[in-house]
Amino acid sequence: MSKALPKRSENYSEWYNELVKRADLAEHSAVKGCMVIKPYGFAIWEKMQRALDDMFKATGHQNAYFPLFVPKSFLEKEEEHAEGFAKECAVVTHYRLKANPDGKGLIVDPDAKLEEELIVRPTSEAVIWNTYKGWIQSWRDLPLLINQWANVVRWEMRTRIFLRTAEFLWQEGHTAHATSEEAIEETEKMLGVYATFAEEWMAMPVLKGVKTPSERFAGAVDTYCIEALMQDGKALQSGTSHFLGQNFAKSFDVKFVNKENQTEFPWATSWGVSTRLMGALIMAHSDDNGLVLPPRLAPIQVVIVPIYRNEEDLAKISERANPIIEKLKSLGVSVKYDFDDKFKPGYKFAEYELRGVPVRLAIGMRDLENGTVEVARRDTLSKETLALDGIEDKIVALLDEIQTNIYQKALKFREENTFRVDTWEEFQEQIEKGGFILAHWNGTDDTEEKIKAETKATIRCIPIGAAEESGTCVYSGEPSQKRVVFARSY
RNA sequence: CGGGGCGUGGCUCAGCCUGGUAGAGCGCUCGAUUUGGGAUCGAGAGGUCGGAUGUUCGAAUCAUCUCGCCCCGACCA
């Protein structure tokens, strides 16, 4: 195993793949397009889940679980939805194997063909709305605010670990409301939850916006999204929230009786974030030395490395370190004390850097004599020697500072890589260099498509709350009232 | 679906062209010395060379077929 990671500047995707492997986050499985998320990677995902789940609960949602399999007839019901997902569906056609009569192994039993094929869920609107038919009768049943944590399968032609895998983990919220306004409010509220999570937990600034019709979720009236900028200048859609109108209610014949005793179709939303966020987290902050984790999502926030020559030294160091560890734990900090003598300190330093542990403390005999400790921070790679007395409070403050610093750094990067562009020449030139491009667009699918064909850039979103501004479309020269965000994306 | 690459101890790979029955580094086990930025030495363990068929006295090596994974592109709610 080579020691150094590939450089981001030389080969970004190789750097990414190696980092995922070397930081012990995940590996490719024996199954094409699928990944094995390793304990360290899963620990980060669990912290994301916990934070998000708390936010969902705080906004009134409850968790539930729906089946992995979607009968084909369900999926067909909402036409646009069905069309959108059709070409990436895994299909179960049989329910039994049997011994191969012509030799070894097993074969699909031709006598065990399913009456109706089952689709492995690419998303759950169909099963869920089929279920909601039984749950919703009266306005009193609304709003219905449900979330599920699940796996889904989308048979992608080309996969990339965490960013696009055939199977991935996610959460999907599915809500039903009495009015359109309420459903739109929910859609926007959950987008806000995602943005808050991205910024406050992942330390990753995001743009909130609305997708153009061509980028919209199949079956939605409107798709809202958060878009983040990765260090290589490409955009990553990090979360989506959909206003589904009455499309699914109508397709699945879900109705409720309002206060005036009239029958109406409820209004729906759905919203999700996935293990793709792991990819976002990696690409937003990490450097050529490895992962850089924001303290709020780091499975290990502080690692303490004792530097010792023999058992007696270690005992003395441990005696001084243990109360610090206890104090830190009581302050809610996750600490690892790595006294393993299998590796030397230098190895450990490099290893924890690779894994993105925000703060490292090194304590040796010299420190015991001087009453000091060496404190190293991952985000800046700087080290300083501080007094052991009262170190706990300083570390808590340092973790906050690191969280803020990582966010500020990412924000600065995004600001420096966001460009207002007004001419087509400038657009073509800038798109090659990467970053977000704010440009005028005439609002047509045709223009959007041509720009994509010529430059590989897509409209990431129409930003929410952007100022109205008269201008001319960067491609067609036609009038436009608003700038939209273009980028090449993952 | 096109183009490329790869499949040999746990990992990374050499050996293949020019067939002669398997090697290195890392890791692992044991021991000793080490420990403030990826330690050193010594002794060990570990492989039906992705699979099948064929050619041959003999196949990791040649031929045919096949399976799988990765990368690039097309595609991508």
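Proteins get letters first, then strands, A, B, ... in listed order; numbering begins at 1 in each.
- Distance check on atom C1': B:rC72 versus B:rC13 gives 23 Å, rounded to whole Å.
- Residue side chain A:Arg360 reaches the base of B:rG37 through a donor-acceptor N/O pair under 3.5 Å, judged by distance alone.
- Here the nucleotide nearest the side chain of A:Ile307, chosen from B:rG36, B:rC76, B:rA39, is B:rG36.
- In the model, A:Lys336 has no side-chain atom that pairs as donor or acceptor with a side-chain atom of A:Gln301 under 3.5 Å.
- Heavy-atom distances to RNA chain B give each of A:Phe217 and A:Ser13 a nearest nucleotide, and the one nearer the 5′ end belongs to A:Ser13.
- Set against B:rU35, B:rG37, B:rG38, the side chain of A:Phe349 has B:rG37 as its closest nucleotide.
- Comparing the same atom, C1', in B:rA43 and in B:rC6 gives a spacing of 35 Å after rounding to whole Å.
- Proximity note for A:Glu351 (side chain, C-beta onward) versus B:rU35, B:rC75, B:rG38: the nearest is B:rG38.
- Between the P atom of B:rC69 and the CE atom of A:Met35 lies a distance of 16 Å, rounded to the nearest Å.
- Taking the C1' atoms as reference points, B:rG9 lies 14 Å from B:rA14, given to the whole Å.
- With hydrogens and angles disregarded, a donor-acceptor distance shorter than 3.5 Å links the side chain of A:Arg378 to the backbone of A:Leu291.
- Listed nucleotides: B:rA39, B:rC69, B:rC76. Nearest to the side chain of A:Lys87: B:rC76.
- You'll find a donor-acceptor pair under 3.5 Å spanning the side chain of A:Lys383 and the base of B:rG37, going by distance alone.
- In terms of phosphate contacts, A:Arg309 brings a side-chain nitrogen or oxygen within less than 4.0 Å of OP1 or OP2 of B:rU35.
- You'll find that the side chain of A:Lys456 is closest to B:rA74, out of B:rC71, B:rA74, B:rG36.
- Contact between the side-chain N/O atoms of A:Lys342 and the OP1/OP2 oxygens of B:rC28 is found at a separation under 4.0 Å.
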Please walk me through it: do A:Glu353 and A:Asn289 pass side-chain hydrogen bond (donor to acceptor under 3.5 Å, both in side chains)?
CA-CA 7 Å; A:Glu353 255 162 36; A:Asn289 293 306; 5.1 Å; no
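- For the P atom pair drawn from B:rG7 and B:rG31, the interatomic distance equals 37 Å after rounding to whole Å.
- The residue among A:Glu156 and A:Asp367 whose nearest nucleotide of RNA chain B lies closer to the 5′ end is A:Asp367.
- Spacing of C1' atoms, B:rG36 relative to B:rG50, comes out at 47 Å, to the nearest Å.
- A distance of about 45 Å separates the C1' atoms of B:rU18 and B:rC75, rounded to the whole Å.
- Base engagement by A:Glu374 is indicated by at least one non-hydrogen atom pair under 4.0 Å involving a base atom.
- Judged by distance alone, with hydrogens and angles left aside, A:Arg164 brings a side-chain donor or acceptor within reach of the base of B:rC76, the pair sitting under 3.5 Å.
- Every residue two or more places apart in sequence or in another chain that forms a salt bridge (charged side-chain N to carboxylate O under 4.0 Å, His left out) with A:Lys38 is listed here: A:Asp24, A:Glu27.
- Checking B:rC75, B:rC76, B:rC69 against every side-chain atom of A:Lys452, the shortest atom distance belongs to B:rC76.
- A side-chain donor from one of A:Glu448 and A:Ser214 sits under 3.5 Å from a side-chain acceptor of the other.
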